[in-house]
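Working notes, structure below.
Chain identifiers are assigned alphabetically (A, B, ...) following the order of the sequence lines, protein sequences preceding nucleic acid strands; residue numbering begins at 1 within each chain. Every heavy atom of this structure was used, including side-chain atoms; hydrogens, water molecules and symmetry mates were not.
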Protein chains: 2
Amino acid sequence: MRFSKATNYALHTMLMLVDASTVKPVGVQQLAESQGVSPTYLSKILTRLVKAGMIESVSGVNGGYRLSRTKDDITFLDIIHAIEGTASLFECDFVHGTECSIQAVMKEAEEKMERHLQQTKLADLAQKQTQV
Amino acid sequence: MRFSKATNYALHTMLMLVDASTVKPVGVQQLAESQGVSPTYLSKILTRLVKAGMIESVSGVNGGYRLSRTKDDITFLDIIHAIEGTASLFECDFVHGTECSIQAVMKEAEEKMERHLQQTKLADLAQKQTQV
DNA sequence: CAATTACAGAGTTAATATATCTATAATATC
DNA sequence: GATATTATAGATATATTAACTCTGTAATTG
Ligand code: SF4
Ligand code: SF4
């Protein structure tokens, strides 16, 4: 029960991209180096963010990654969901009645956390965070 | 990023114990059978709850597990912490300033979840939940 | 003592996270 | 168009953790 390192990398990368230009992309080489992670692995992670539509990639010389649209509405939850998936944190194979008290409690707790992550937008932290 | 099955077993077992007698212990055999898990494995999990002080065990014939004290103040969070540990969900190796915005957001989100789990006591669900 | 039950520790298996490697596709520059 | 650069995809490898098993020991009952 821990957030993956991939999520950590994704969050840091996104913060860098928010502070970077929205036209000139940033190469994965640079993004990876500042986080101490291999470029190929980070690229694999970022591809998921591309597919989620929050960033876009540019191949070729001077290529890299940049934010796709208005950075203002990208939330922490968006990023986390793109990396970790959206499945419930508490899984149960059985279905004992439509109203299972345990699941209700766990799900509500999870939603409390997600609500906060959804309220916090990337733009809220931009510029506050300088370096990884 | 998922709660372990061990946590699932612990929660279900605790709910059963809340509804059971506080003097006559329930054998792990019975507790395990109703959840479709092996007795030895469940026993290993329950030992952690014993060490956390929320249940107590009785060896020998007619032995088993029972709640240790007043069941009213045992919360979901108590159980989860006993099984999953109390470490933060978002780990970061570095320390960039005393106030890291990322960690602040993640920690606060986690606390929102924990707050709900701490507010929900076992007694709140007792009797509502009949069977695993 | 004999049966039952929890406990402890080592060991096993399965699943997942964390990467790496190689080849391919796209793009810019010359 | 050729070449260098960069992202992407897929397969593979390694490490870590979860999930479970096995075996022996200790405690309790009768
Ligand atoms: S009681 Fe709820 S959580 Fe437990 S097994 Fe049934 S449906 Fe799942
Ligand atoms: S910015 Fe914060 S979360 Fe990121 S590496 Fe530094 S201390 Fe950790």
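A/Q35 and A/T13 share a side-chain donor-acceptor pair at under 3.5 Å.
Between A/N62 atom CG and C/dT27 atom P the separation is 14 Å, expressed in whole Å. Rounded to an integer number of Å, the gap from B/K5 NZ to C/dA14 P is 14 Å. With rounding to whole Å, A/N8 atom CG is found 11 Å from C/dA19 atom P. Taking atom CZ of B/R66 as the reference point, atom P of C/dA6 lies 12 Å away to the nearest angstrom.
Nucleic acid contact class of A/V37 (heavy atoms, under 4.0 Å, all strands): none. Contacts of B/F3 with the nucleic acid, taken as non-hydrogen atoms under 4.0 Å apart, are absent. Heavy atoms of B/G60 sit under 4.0 angstrom from at least one base atom.
Residue-environment remark: CD (B/E91) exceeds the threshold of 12 foreign heavy atoms within 6.0 Å. For A/E33, the CD atom sits in a loose shell: 12 or fewer heavy atoms of surrounding residues, nucleotides or ligands are nearer than 6.0 Å.
Heavy atoms only, all atoms of each residue included: A/F76 and B/M106 are closest at CD2-SD, 3.8 Å.
When each of B/D78, B/L46, B/L122 is checked for a side chain to side chain contact (heavy atoms under 4.5 Å, CB included) with B/M14, only B/L122 meets the rule. Evaluated for a side chain to side chain contact (heavy atoms under 4.5 Å, CB included) with B/Y65, the options B/V26, B/V58, B/V50 yield exactly one hit, B/V50.
Annotation: proximity of residues 38-51 of chain A to DNA chain D (heavy atom, distance under 4.0 Å) is found for A/S43, A/K44, A/T47, A/K51, numbered in ascending order. The stretch residues 75-85 of chain A has no heavy atom under 4.0 Å from DNA chain D, so no residue of it qualifies as close.
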Problem set entry | Verdict with supporting geometry, B/H81 and B/E114, side chain to side chain contact (heavy atoms under 4.5 Å, CB included) | CA-CA 10 Å; B/H81 270 174; B/E114 292 194 336; 3.1 Å; yes
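For the pair A/R2 and A/V61, both in contact range of DNA chain D, the more 5′-proximal nearest nucleotide belongs to A/V61. Looking at which nucleotide of DNA chain C each of A/S4 and A/V58 is closest to, the 5′-most match is held by A/S4.
The aromatic rings of B/Y41 and B/Y9 sit perpendicular, their planes meeting at an angle over 60°, well past the 30° parallel limit.
Protein chain B touches strand DNA chain D; the 5'-most and 3'-most nucleotides with an atom under 4.0 angstrom of its non-hydrogen atoms are D/dA19 to D/dT29.
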